[in-house]
Amino acid sequence: MEMMKRYLSMPGRKYDYCIVTDCPDLINVLEICYCGLIKCEPVRECVDLYVYQISEGEYKGSFHGKTSIYKDPIRFVKGILFEYPFFTEDILALHGSAIAVNNKAFLFLGSTGKGKTTLAAYLVISGYKYITEDCILADYRKGTIAPCLRPFHLREGGMKVLEQNNISLEYRHVDYFSFNKYVYMPQNVATLPTQIGGIFFIERSEERNAVYPISPEDAFFRLIKSTITQYPLRSPYIQGFKKLSKVPCFKVEYADFSFVKEVVEYKARVC
């Protein structure tokens, strides 16, 4: 089988990932899921990631001198991206989604299952600009969010919620080993770093729609719990969390997406 090579180049990282494989289906899935972030040539210095099929249903994965046998090539690749993110030192990477309204970035943070991706997709389809999904790159020194234009990866449940809210979108359904998502890339995107206007810590509710301001002290600890990777609690990261916690921060309980849209529109005018 012919060897193929692609470079995954994401903002806020020290290195590109050079993915070398003999699996054309893996390359195809990565090109769909990471869209314009997958390139044929490197942008910066690279780290190498190898995936070879050695038999039916078995793959050899290698990274940083370690080699193991895997049943699921996409899980191996995504696991490396998660465990070895190589973020630059000016970045705090937060688990959430971000949109832009009136040239201000609004962040939605919360644990898995709170509806961050689905909510952000709803707001973007409603007319706001897309900044990023899943991994928010916060430049704590400048107080900005860098665009990372990876497509939305929506679960089946999220698609059903959007349909219930009369939202339709053009997507590609990708079902490849453990990855079963609906991939949607919006057209209205932010292309430059955007100043942070507000941070929402969201909670899904069956009936309740409410928004509460939270103190910088509360926001500080919530932000520490909302990171993609574990940061050492020392300067400059402590100062970075403190700076972000001084941005207007809110707890939002929502049953209706339209309620969150109204809150964001109001905060975009006053924050």
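- Test Val247, Asp218, Leu107, Leu244 against Leu223 for side chain to side chain contact (heavy atoms under 4.5 Å, CB included) and you get one pass: Leu244.
- Side-chain contact between Leu149 and Leu37 is absent, with no heavy atoms from C-beta onward closer than 4.5 Å.
- Remark: Arg222 qualifies as a cation-pi partner of Phe201 under the 6.0 Å distance and 45° angle criteria applied to the six-membered ring.
- For Tyr254 and Phe259, the ring centers sit 6.0 Å or farther from each other.
- At least one donor-acceptor pair closer than 3.5 Å links the side chain of Lys116 to the backbone N or O of Gly110.
- A ring-centre distance under 6.0 Å is not found for Tyr212 and Phe250.
- Taking the side chain as every heavy atom from C-beta outward, Leu49 and Val77 approach each other to under 4.5 Å.
- A distance of 5.5 Å separates CZ of Phe257 from OG1 of Thr118, quoted to the nearest 0.5 Å.
- Side-chain contact between Val124 and Ile99: present, with at least one pair of heavy atoms (C-beta onward) separated by less than 4.5 Å.
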Applying side-chain contact (heavy atoms from CB on, under 4.5 Å) to Thr21 and Ile27, what does each step give before you reach the verdict? CA-CA 8 Å; Thr21 183; Ile27 291 293; 3.6 Å; yes
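- Side-chain atoms of Ser178 and Asp72 include a donor-acceptor pair closer than 3.5 Å.
- Closest non-hydrogen pair, Ala120 versus Ser97, comes out as CB-CB, 3.5 Å.
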Which is it for Gln53 and Lys60 under the side-chain contact (heavy atoms from CB on, under 4.5 Å) test, yes or no, and what are the steps along the way? CA-CA 6 Å; Gln53 185 168 9; Lys60 181 167 69 174; over 6 Å; no
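- For His153 and Tyr184, the distance between ring centers is not under 6.0 angstrom.
- The side-chain heavy atoms of Pro236 and Tyr140, taken from C-beta on, include a pair separated by under 4.5 Å.
- The only option from Tyr182, Tyr122, Tyr130 that meets the ring pair (Phe, Tyr, Trp, His ring centres under 6.0 Å) definition with Phe152 turns out to be Tyr130.
- Looking at Lys251 and Glu203, no side-chain N of the basic residue comes within less than 4.0 Å of a carboxylate O on the acidic one, giving no salt bridge.
- The shortest distance between side-chain heavy atoms of Leu123 and Phe108 falls below 4.5 Å.
- Between the side chains of Glu265 and Tyr128, at least one donor-acceptor pair of N or O atoms lies under 3.5 Å.
- With no hydrogens or angles considered, a side-chain donor-acceptor pair links Glu133 and Thr117 at under 3.5 Å.
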Starting from the C-alpha separation in whole Å, work towards a yes-or-no answer on ring-ring contact (aromatic ring centres under 6.0 Å, His included) for Phe63 and Phe76. CA-CA 10 Å; Phe63 184 77; Phe76 166 68; 7.8 Å; no
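- Ring orientation note: the planes of Tyr237 and Tyr231 are tilted relative to one another, at an angle of 30° to 60°.
- A donor-acceptor contact under 3.5 angstrom links the side chains of Thr88 and Asp90, judged on distance only.
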Going through the checks in order, is the side-chain contact (heavy atoms from CB on, under 4.5 Å) test met by Thr194 and Thr144? CA-CA 5 Å; Thr194 306; Thr144 58; over 6 Å; no
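- By the 4.0 Å N-to-carboxylate-O rule, Glu206 lies too far from Arg208 to be salt-bridged with it.
- Taking CZ of Arg155 as the reference point, atom CG of Asn180 lies at 11.0 Å (rounded to 0.5 Å).
- Side-chain contact check for Asp48 and His64: no donor-acceptor pair (N or O, by modelled atom type) lies under 3.5 Å.
- Atoms SG and CZ, from Cys35 and Arg172 in turn, are 9.5 Å apart once rounded to the nearest 0.5 Å.
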Go through Ile80 and Phe82 one step at a time and tell me if the side-chain contact (heavy atoms from CB on, under 4.5 Å) criterion holds. CA-CA 5 Å; Ile80 294 299; Phe82 178 78; over 6 Å; no
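- Looking at heavy atoms from C-beta onward, Ile69 lies out of side-chain contact with Tyr59 at the 4.5 angstrom threshold.
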